[in-house]
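The structure appears right after this line, and notes come after that.
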Amino acid sequence: EAGVVQSPRYKIIEKKQPVAFWCNPISGHNTLYWYLQNLGQGPELLIRYENEEAVDDSQLPKDRFSAERLKGVDSTLKIQPAELGDSAVYLCASSFRRDTEAFFGQGTRLTVV
Amino acid sequence: GENVEQHPSTLSVQEGDSAVIKCTYSDSASNYFPWYKQELGKRPQLIIDIRSNVGEKKDQRIAVTLNKTAKHFSLHITETQPEDSAVYFCAAHDSWGKLQFGAGTQVVVTP
């Protein structure tokens with residue numbers, strides 16, 4: 001069984017440019033998370049989906065970040081425009097339901113120059 | 001919302017010794033507490049978890065204890081080996097469904 005798949009693995013962009021990350025969760029997993037991880041720190045939740053509904057986006061900077069989960073499967077996270085401080089690893093995770101093991105993707109390492 | 005604090009931030013142990021990492025949480029309704037191991041450049045992976053109706057769980061050399069009254073839980077690694085070197089994160093799943101992580105503990109096992 002394939003795990004959580006994220007793409008791209010690495011992305012380098014200039015500030016003020018847009019960028020998008022894609023996540024394909026494990027089949028049958030209803031809960032999907034997007035986390036941001038800075039070097040040496042723990043993952044910080046950006047948004048959580050239950051099926052196609054964003055049930056917790058309180059920590060998503062909505063002025064520049066947006067996310068969607070079409071048909072309750074794949075998800076995309078977008079930043080427009082990117083800022084230097086957005087450089088980090090963006091992790092996607094999924095779980096069968098919200099209080100079960102969350103499986104992480106490999107992450108997308110974003111560098112904004 | 002939930003707040004998870006983790007200590008220590010770094011832990012250096014001799015091979016064969018035990019390592020203990022402690023975490024506290026703030027939401028008394030939190031019901032699920034996983035521990036993740038993250039090696040450099042890799043994804044976090046679950047190593048053990050515990051639910052609020054259990055006080056202790058063990059899997060070979062690792063164990064987790066939970067004290068609901070005090071709102072803290074701990075990871076114990078016995079007979080440490082060099083391959084145990086990594087960053088370990090505790091997490092708590094709060095009553096709102098949010099999975100919050102601690103800041104992590106860098107464990108270094110020296111031969």
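Letters A, B, ... mirror the listed sequences (proteins, then strands); counts begin at 1.
Between A:His29 and A:Phe103, the two ring planes are tilted [angle within 30° to 60°]. Using bins of under 30°, 30° to 60° and over 60° for the plane-to-plane angle, the ring pair B:Trp35/B:Phe73 lands in the perpendicular bin. Note on ring orientation: taking the six-membered ring where Trp is involved, the planes of B:Tyr36 and B:Phe101 are tilted (angle from 30° to 60°).
With a threshold of 4.5 angstrom between heavy atoms, A:Glu50 does not approach chain B through any atom at all. With a threshold of 4.5 angstrom between heavy atoms, A:Ser95 does not approach chain B through any atom at all. With a 4.5 angstrom heavy-atom cutoff, A:Ala102 touches chain B via backbone and side-chain atoms both. Only the side chain of A:Asp56 comes within less than 4.5 Å of a heavy atom of chain B; its backbone N, CA, C and O stay farther away. With a 4.5 Å cut-off on non-hydrogen atoms, A:Gln59 touches chain B through its side chain but not through its backbone. Of the two parts of B:Pro34, neither the backbone nor the side chain holds a non-hydrogen atom closer than 4.5 Å to a non-hydrogen atom of chain A. In this structure, chain B has no heavy atom under 4.5 Å from any part of A:Val55.
Using a 4.0 Å cut-off between charged nitrogen and carboxylate oxygen, B:Asp84 and B:Arg61 count as a salt-bridge pair.
Applying the 6.0 Å contact sphere to CD of B:Gln60 captures no more than 12 heavy atoms from other residues, nucleotides or ligands. A 6.0 Å sphere centred on NZ of A:Lys62 holds more than 12 heavy atoms belonging to other residues, nucleotides or ligands.
Counting heavy-atom pairs under 4.5 Å between each of B:Ala103, B:Pro44, B:Gly104, B:Gly41 and chain A puts B:Pro44 at the top. Ranked by heavy-atom pairs shorter than 4.5 Å toward chain A, the options B:Gln6, B:Gln38, B:Arg43 are led by B:Arg43. Interface summary for chain B: among A:Gln41, A:Arg109, A:Glu101, A:Glu44, the most heavy-atom pairs under 4.5 angstrom belong to A:Glu101. Note: B:Arg51 leads B:Gln100, B:Gln45, B:Gln106, B:Arg51 in heavy-atom pairs under 4.5 Å with chain A.
A:Val113 forms part of a hydrophobic cluster together with A:Ile12, judged by ILVMFWY side-chain heavy-atom separations under 4.5 Å.
Remark: B:Lys57 engages B:Asp49 in a side-chain hydrogen bond (donor to acceptor under 3.5 Å, both in side chains) (not counting sequence neighbours).
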